[in-house]
There are 2 protein chains.
Amino acid sequence: MGEISSVAAARCHRFTLYHGTFIQLPREPTAPATSTTAPAYDLLVNDGAVWVDNSDGRIAGCDWAVRGRRELDELAARMGWRLAFDDSEVDGSGETVVVRVIQSRADRNGFFFPGFIDTHIHAPQYPNSGIFGSTTLLDWLSKYTFPMEASFGDKNAPDTPTTRAHTVYNAVVARTLSHGTTTAAYYATIHVPATNLLATICHSRGQRAFIGRVCMDNPDTCPDFYRDESTAAMVDATKQSMAYIHRLDPSGTLVKPIITPRFAISCTAKALARLGDLAASTDPPTHVQTHICENEDEIQAVRILFPGCSTYAEVYDQAKLITRRTVLAHGVHLLESERALIRKRSAGISHCPASNTSLSSGMCPVRVLLDDGINVGLGTDVSGGYSPSILETARQASLVSRLVACHCGKDDGRRNKLSVEESLYLATRGGAKVLNMQDEVGGFERGMFWDAQMIELGPSIESDPNRIAVPEMLDLQHASRVCVYGWESWDERIAKWMWTGDDRNVKAVWVGGRLVHGST
Amino acid sequence: MGEISSVAAARCHRFTLYHGTFIQLPREPTAPATSTTAPAYDLLVNDGAVWVDNSDGRIAGCDWAVRGRRELDELAARMGWRLAFDDSEVDGSGETVVVRVIQSRADRNGFFFPGFIDTHIHAPQYPNSGIFGSTTLLDWLSKYTFPMEASFGDKNAPDTPTTRAHTVYNAVVARTLSHGTTTAAYYATIHVPATNLLATICHSRGQRAFIGRVCMDNPDTCPDFYRDESTAAMVDATKQSMAYIHRLDPSGTLVKPIITPRFAISCTAKALARLGDLAASTDPPTHVQTHICENEDEIQAVRILFPGCSTYAEVYDQAKLITRRTVLAHGVHLLESERALIRKRSAGISHCPASNTSLSSGMCPVRVLLDDGINVGLGTDVSGGYSPSILETARQASLVSRLVACHCGKDDGRRNKLSVEESLYLATRGGAKVLNMQDEVGGFERGMFWDAQMIELGPSIESDPNRIAVPEMLDLQHASRVCVYGWESWDERIAKWMWTGDDRNVKAVWVGGRLVHGST
């Protein structure tokens with residue numbers, strides 16, 4: 001595979017310098033929300049240079065004045081660099097530092113964009129993508145999900161991942177990388193060997209990931225063929241997987257464990273409390289992920305199972321499971337008191353619009369969550385969601401918000417819409433906040449990891465407006481689904497990317513400075 | 001371009017025989033709707049042979065017993081055919097008829113599927129795909145749509161299409177063909193030369209199409225820079241375009257005119273009446289397309305502009321514009337009396353879910369329309385809709401129906417959902433009915449046109465469940481976004497196609513037996 005040699009070569013240079021157009025979202029809204037308007041997130045579009053220290057994969061510097069080749073040569077002279085535009089030259093020749101240069105292509109409407117962050121994805125469900133019939137959450141779990149997840153362990157060989165686990169976990173990591181996902185919070189299954197395999201695959205393929213061994217110990221609600229044998233066995237298995245991941249990546253730079261009670265329905269109160277204690281017992285505390293208020297029937301079941309708690313959120317809060325390192329998936333039907341609690345704990349919501357629509361769970365009122373000051377990111381929720389793409393998820397987030405808007409008055413309607421920019425904010429900076437990584441990933445700033453994608457929308461077909469485009473320019477379908485004419489502003493090009501782009505536009509993906517998909 | 005020589009070669013054979021797996025929807029539901037269940041549309045999956053008479057592009061015979069090579073050779077012997085598996089052999093060698101054979105590939109999960117029918121698409125708006133900001137219908141028209149459409153004519157050179165018209169119309173026809181659209185009902189602009197150019201391009205690229213020169217004569221509601229000068233000029237221009245299209249394709253087999261009052265708001269009552277008369281004056285009567293009940297503000301404006309009509313539908317009906325050859329786009333907010341009228345006239349609704357969601361128009365209650373016995377097809381409504389793909393539109397139709405379902409009780413919720421099969425029915429047979437072409441296109445039956453697409457989902461990655469898939473099998477992103485493992489039923493494979501497929505899965509497209517996209 002091509003990327004192996006590129007990675008090796010990139011590693012030989014102390015710095016890699018990225019040159020061209022950089023597009024990202026600001027850390028905070030350019031203009032905050034008012035009672036009649038949504039917040040504005042103006043795109044930050046800069047031509048310039050960003051250089052990455054390959055020893056730690058972080059951005060060592062940015063210079064937005066380095067527009068063309070002349071400014072680039074001046075920068076190099078100032079820094080004492082020799083620039084290498086291919087892999088033939090590497091370090092070691094005396095005092096000059098050779099810097100590898102990678103450029104975005106203006107003639108193909110190319111640009112660098114922060115890698116996407118998927119805050120909620122079930123890796124073992126990937127083979128079921130698109131298979132959900134007319135079910136809703138609870139019958140979907142029984143009919144499609146539990147049988148699939150159960151196949152990742154084998155009672156006759158409990159110490160090894162199944163063949164399916166190898167195939168599926170390689171597939172899902174390769175796929176999400178190809179869609180530009182540089183960080184993912186994964187649910188695995190209850191099986192320790194398969195969960196550990198997922199961690200290994202993320203580590204070796206180079207995806208930043210949280211790996212969650214799924215906890216489900218309630219014998220009254222979980223199927224006999226797929227559940228933890230006891231609360232104690234559940235905690236023990238979780239610890240085993242956490243220990244494995246710590247050995248795999250002691251610094252936790254790339255791969256970290258995440259404590260994963262499936263959802264309140266599948267866990268006993270005792271199990272939730274033990275997991276809350278476990279999360280708090282490490283230094284720093286371990287991340288937590290679970291589901292909340294996805295579907296009305298689910299909420300009703302939680303009410304019956306936990307009569308001592310006044311709300312669904314309280315079930316988790318009593319177990320100390322809601323912290324600034326907690327990802328709560330869905331939150332479609334949260335009560336005001338639950339939103340206040342989540343805000344108070346600085347936890348995050350993973351908004352999963354494709355899943356919520358597919359399973360008729362409902363329309364999450366994202367504007368209400370954001371108005372309340374809650375951190376919101378996006379989740380594909382494969383395979384409740386049919387797509388492993390965060391770009392598709394951003395599209396669905398914007399679409400659903402436009403239907404939420406139909407049920408409001410005119411001003412309120414417009415306020416409820418998620419613009420292209422705000423949807424892409426949720427896909428990058430928002431997700432980083434949900435994972436408590438807002439200083440590490442989600443943008444191009446000094447000190448952040450170079451977790452990035454190089455996007456190409458394709459050549460402009462009306463580049464000369466007085467000339468009819470040649471037929472070859474129109475035969476673009478294998479190169480890109482996006483049609484850029486040439487008159488569009490960057491705002492409009494990015495809108496076209498979000499609404500019509502796909503993985504074909506992702507030419508290269510880096511995580512911590514390592515090329516993990518595509519080529520340059 | 002590759003297809004030119006293939007077309008030429010295919011034309012030299014009297015018959016082309018398609019062999020392999022054929023998947024289509026039935027003409028009528030397998031089980032009709034009841035008060036608690038949606039209708040069932042079971043997929044018709046057949047291995048067999050379909051042969052096409054290249055002199056008229058229609059299916060001359062089907063034999064679902066011709067499974068393998070042996071049965072194929074027996075059929076050939078019975079029919080007196082010599083089979084040619086490539087283009088090297090053509091007719092002319094005595095009494096034996098040489099039949100060109102084209103096979104779907106089982107090892108790539110390949111199959112033949114009826115071509116998609118797009119019952120509502122604005123060709124000149126294609127450059128604006130994905131550009132709509134937070135507007136709704138009426139401000140979207142003013143801000144984005146009218147300026148773009150106006151650029152298809154030039155006041156200084158009124159007799160020629162603009163350069164943009166050439167580029168955009170070639171692009172949109174090439175793109176929709178690449179997504180498997182074999183029949184499209186196009187809105188063009190008010191400009192006769194550009195409208196005629198669109199007809200010429202459809203004819204030469206081989207797409208079956210209805211071409212509508214847009215009528216908008218109301219000076220109170222249409223912008224000065226983009227409207228018909230008078231009602232008389234409007235009718236005259238429409239007649240000019242109709243005459244051109246009749247000369248281009250006298251039989252109307254491939255390209256037909258369609259009378260296109262933009263919508264009630266932009267036309268005077270006199271204009272609507274003149275267009276109704278014009279439609280009735282031809283033999284057979286000319287098709288008509290317009291918009292109806294897309295958005296609340298639009299409906300309110302129609303109420304004010306046409307105080308003598310009790311409903312929006314009545315405005316068109318008084319002008320005799322609602323017939324069995326009429327396509328009414330949207331119908332999101334139709335009243336019961338309007339649905340009854342549309343049913344009585346046997347007109348069709350073009351359901352445009354991506355557009356309705358993008359512009360916050362609302363959620364069309366498709367089940368209500370179907371329960372009322374109204375013909376329903378799908379429309380991309382580019383560029384209110386962001387995608388030229390009917391597969392994406394089918395996906396959006398199913399998604400929106402799942403949100404409609406959230407607002408109903410449990411049984412009613414499930415009833416409102418459009419299954420994968422029903423969505424694909426709307427994309428093929430449903431669209432054919434809306435265009436009054438149910439005996440011509442939309443399925444594989446003797447006498448119908450061979451309007452078809454060859455789909456390949458890609459190889460099954462778990463074909464040997466005891467063997468871990470090799471990495472190369474996982475590097476599929478440029479070949480297909482669909483992941484087939486190998487254990488899926490055809491129902492499940494088709495669900496994966498609808499939810500995760502795209503134009504990469506469209507390997508070849510034929511219209512009337514002519515290869516118009518891809519290769520075999």
How long is the gap from CZ on Arg481(A) to CZ on Arg504(B), to the nearest 0.5 Å?
-> 7.5 Å
Quick one: pull up CZ in Arg402(A) and CG in Asn356(B) and give me the separation to the nearest 0.5 Å.
-> 13.5 Å
Side chain, backbone, both or neither: which part of Glu488(A) has a non-hydrogen atom closer than 4.5 Å to chain B?
-> side chain
Residues that Glu294(B) engages under salt bridge (Lys or Arg N to Asp or Glu O under 4.0 Å), provided they are two or more places apart = none
CG (Asp503(A)) and CG (Asp502(B)) are apart, to the nearest 0.5 Å, by 7.5 Å
Beyond-backbone contact of Leu399(A) with Ser358(B), side-chain heavy atoms, under 4.5 angstrom = yes
Return the option, out of Pro388(A), Ser387(A), Ser360(A), with the maximum number of heavy-atom pairs under 4.5 Å with chain B.
-> Ser360(A)
Go through His179(A), Arg164(A), Glu492(A) and name the one with the most non-hydrogen pairs under 4.5 angstrom from chain B.
-> Arg164(A)
Reported CD-to-CD distance for the pair Gln396(A) and Gln396(B), which is rounded to 0.5 angstrom = 5.0 Å
Is it the backbone or the side chain of Ser361(A) that comes under 4.5 Å from a heavy atom of chain B, or both, or neither?
-> backbone
Checking heavy atoms, do the side chain of Asp297(B), its backbone, both or neither come under 4.5 Å from chain A?
-> side chain
Side chain, backbone, both or neither: which part of Ser401(B) has a non-hydrogen atom closer than 4.5 Å to chain A?
-> neither
Is there a donor-acceptor contact under 3.5 Å from the side chain of Arg414(B) to the main chain of Thr136(A)?
-> no
When rounded to the nearest 0.5 angstrom, what is the spacing between CE in Met363(B) and NE2 in His407(A)?
-> 4.0 Å
Please list, one pair per line, the donor and acceptor atoms closer than 3.5 Å that link side chains of residues 127-135 of chain A to other protein atoms, with sequence neighbours excluded.
residue   : atom : partner   : partner atom : Å
Asn128(A) : ND2  : Tyr144(A) : O            : 3.1
Ser129(A) : OG   : Tyr126(A) : O            : 2.7
Thr135(A) : OG1  : Phe132(A) : O            : 2.7

Side-chain heavy-atom pair Glu392(B), Thr500(A) within 4.5 angstrom cut-off | no
Turns out that what part of Trp487(A) lies under 4.5 Å from chain B's heavy atoms comes down to side chain
